[in-house]
There are 2 protein chains.
Amino acid sequence: MSDKLLIRVDVREIRSGVTQLLQQNQLLRVEFEELPVGDFILSDEVCVERKAATDFVLSIMDGRLFGQVAQMKATYLRPIVVLEGDVFNTRSAISRESLMGAISWLNVIEGIGTVHSRSAAETAAFLEVMCRHAQQGLGYEIPLRGSKPKDLNVLAQYAVEGLPSVGPSTAKKMLEHFGSARRVFTATPEELRGVKGVGAKMSEGIAQLLDHQLGKS
Amino acid sequence: MSDKLLIRVDVREIRSGVTQLLQQNQLLRVEFEELPVGDFILSDEVCVERKAATDFVLSIMDGRLFGQVAQMKATYLRPIVVLEGDVFNTRSAISRESLMGAISWLNVIEGIGTVHSRSAAETAAFLEVMCRHAQQGLGYEIPLRGSKPKDLNVLAQYAVEGLPSVGPSTAKKMLEHFGSARRVFTATPEELRGVKGVGAKMSEGIAQLLDHQLGKS
DNA sequence: ACTTCCGATCCTTGA
DNA sequence: TCAAGGATCGGAAGT
């Protein structure tokens, strides 16, 4: 019972004030890892992504947030985003509706809870509580929103979207057409054109990328 | 498509400022009902409980919150609590820990998202967005990946970074090792392990993703 | 997230 | 049947 709670922290958070505070906390044992996704792992099921206000806004604008969220959902049953600071008062030129849209999207569509904290200290305190809940919870399993197997689809889509001129819609159609990501990546330009929305230009561009031998910059 | 979004509001919210604002919103059609649970029904799945800061605190202290939440969970797939105002600055003699405990409990254990709003107006705005998301989804798709580079070398690396657990440095090494992106994507797990930094776990994860047959839509 | 803009792709026409 | 034109869709860029 006297065992400390284990919290696994991504190495990129090492220097953050939050982490310092966690280490000072006698109830916690902090371990650093290079996490492929998320910032704090509270249990096998619960993963926390911490976003300072400005970073949250930036990650919306450059699209990082969506990929991160997709990956969190693929790995953890209960991903949670902690928003640190006042997201509505960053200097960034983002519209209010975009911001609210993002928060709503997380909660309503993705089923990812958002916890607001006002400072690093508060974030650390929240993490302690959340950690206890995640590990000692109530013991019973909670039926969850996301299904696991389906999530490989998302990861596959994520990979395919890396191709030039390929967005969400084309990526989906390609995966449907070819069955797997590997078969998309091995397809010839002619085969690619079999996908609706993919014409000469796109198929050539993709082939060019795939077969490109790296050289001069 | 031009139909307004329907939002069902509990009769006890009739006189609230939030409701007034909802009624003025041309995009919404407001209907009042005596709801057995929750304050706003946004869809068959999504239900919102609005808690002004002081009320939130009170409902924690007298234990009401837990019952309400249990009922919401029983009826709706995705219950959400909107916290209006500054919950940490009510006059009530509640400890910070209890407050954070309640918020953590909602998110971590119950899987109920908490959205913070600073005023009735903001709550109303949030409800509009959430209502749209609940009923129509986004209405478009978000690219999982951010904007793409144009330089072929960089682009190839970018594409490879789409693989799970593969960051910039691993991607670079893979490309050097295999010569082209296509050859990375066609590699077997054993071949992948030939790259420094890629072990059993990562190579298996990658292969699994590449060969994953997508489940049906 | 949301909006706007631009280009590729697709589809119809019409010779 | 095929080429040219315009409508539509989806990706990219910007706020």
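Being a predicted model, the structure only gives us computed values, none of them experimental. Sequence lines set the chain letters: A, B, ... in the order given, protein chains first and strands last, and positions in each chain run from 1.
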- Message: Rounding to an integer number of Å, can you tell me how far A:Ile60 CD1 sits from D:dA13 P?
- Response: 20 Å

- Message: Does B:Pro143 reach a base, just sugar-phosphate, or nothing at all? Heavy atoms under 4.0 Å.
- Response: nothing

- Quick one: B:Glu141 CD to D:dG11 P, roughly how many Å, whole number? 8 Å

- Query: Looking across every strand, which nucleic acid part, if any, lies under 4.0 Å from B:Ile142 by heavy atom: base, sugar-phosphate, or nothing?
  - Reply: sugar-phosphate

- Message: Please tell me if B:Tyr140 has a side-chain N or O lying less than 4.0 Å from either OP1 or OP2 of C:dC2.
- Response: yes

- Query: Once you round it to whole Å, what is the distance between P of D:dA12 and CG of B:Leu144?
  - Reply: 13 Å

- Message: Does a side-chain N or O of A:Arg64 approach OP1 or OP2 of C:dA1 to a distance below 4.0 Å, or not?
- Response: no

- Shortest side-chain distance from A:Lys196, nucleotide among C:dC2, D:dT15, C:dC10: C:dC10

- Would you indicate what A:Arg96 reaches in the nucleic acid, counting non-hydrogen atoms under 4.0 angstrom: base, sugar-phosphate, or nothing? nothing

- How many Å lie between CD on A:Glu97 and P on C:dT4, as a whole number? 11 Å

- Query: Donor-acceptor pair, B:Arg182 side chain versus A:Ala187 backbone, under 3.5 Å?
  - Reply: yes

- Message: Please determine whether a side-chain nitrogen or oxygen atom of A:Lys173 lies at a distance below 4.0 Å from atom OP1 or OP2 of D:dC9.
- Response: no

- Query: Under 4.0 angstrom, heavy atoms only, what part of the nucleic acid is B:Leu138 near: base, sugar-phosphate, or nothing?
  - Reply: sugar-phosphate

- With a 4.0 Å cut-off, would you call A:Lys196 and A:Glu176 a salt bridge? no

- For the pair made of NZ in A:Lys201 and C1' in D:dC9, what is the distance, rounded to whole Å? 17 Å

- Message: Check the phosphate of D:dG11 against B:Lys148, side-chain N and O only, distance under 4.0 Å to OP1 or OP2. Yes or no?
- Response: no

- Message: I want to confirm an ordering. Mapping A:Arg193 and A:Ile103 to their closest nucleotides on DNA chain C, which one lands closer to the 5' end?
- Response: A:Ile103

- When rounded to whole Å, the CG to C1' distance for the pair A:Leu163 and D:dA12 reads 16 Å

- For the pair made of CZ in A:Phe56 and P in C:dA1, what is the distance, rounded to whole Å? 10 Å

- Query: Given atom CG of B:Leu155 and atom C1' of D:dG11, what is their separation to the nearest angstrom?
  - Reply: 14 Å

- Can you list every salt bridge (charged side-chain N to carboxylate O under 4.0 Å, His left out) pair that touches residues 99-109 of chain B, not counting sequence neighbours? none

- Query: C:dT9, D:dG10, D:dT15: which one has an atom nearest the side-chain heavy atoms of A:Ala93?
  - Reply: D:dT15

- Query: How is A:Met100 classified with respect to the nucleic acid when contacts are heavy atoms under 4.0 Å: base, sugar-phosphate, or nothing?
  - Reply: nothing

- Message: Does this structure show an ion pair linking B:Arg145 with A:Glu161, if we count only N-O contacts that are shorter than 4.0 Å?
- Response: no

- A:Thr170 side chain near D:dG11 phosphate (N/O to OP1/OP2, under 4.0 Å): yes

- N-O pairing of B:Asp10 and B:Arg50 below 4.0 Å: no

- Task: Identify which nucleotide among D:dG10, C:dT9, C:dC2 has an atom closest to any side-chain atom of A:Ser169, counting heavy atoms from C-beta outward.
- Result: D:dG10

- Query: Can you find a side chain N or O atom of A:Ser165 that sits less than 4.0 Å from OP1 or OP2 on D:dG11?
  - Reply: no

- Task: Quick one: sort the B:Phe185 and A:Phe185 rings into parallel, tilted or perpendicular, breaks at 30° and 60°.
- Result: parallel

- 5' priority, DNA chain C, between A:Val195 and A:Leu99 [closest heavy atom]: A:Leu99

- Can you figure out which of C:dA1, C:dC2, D:dG11 approaches the side chain of A:Ala102 most closely? C:dA1

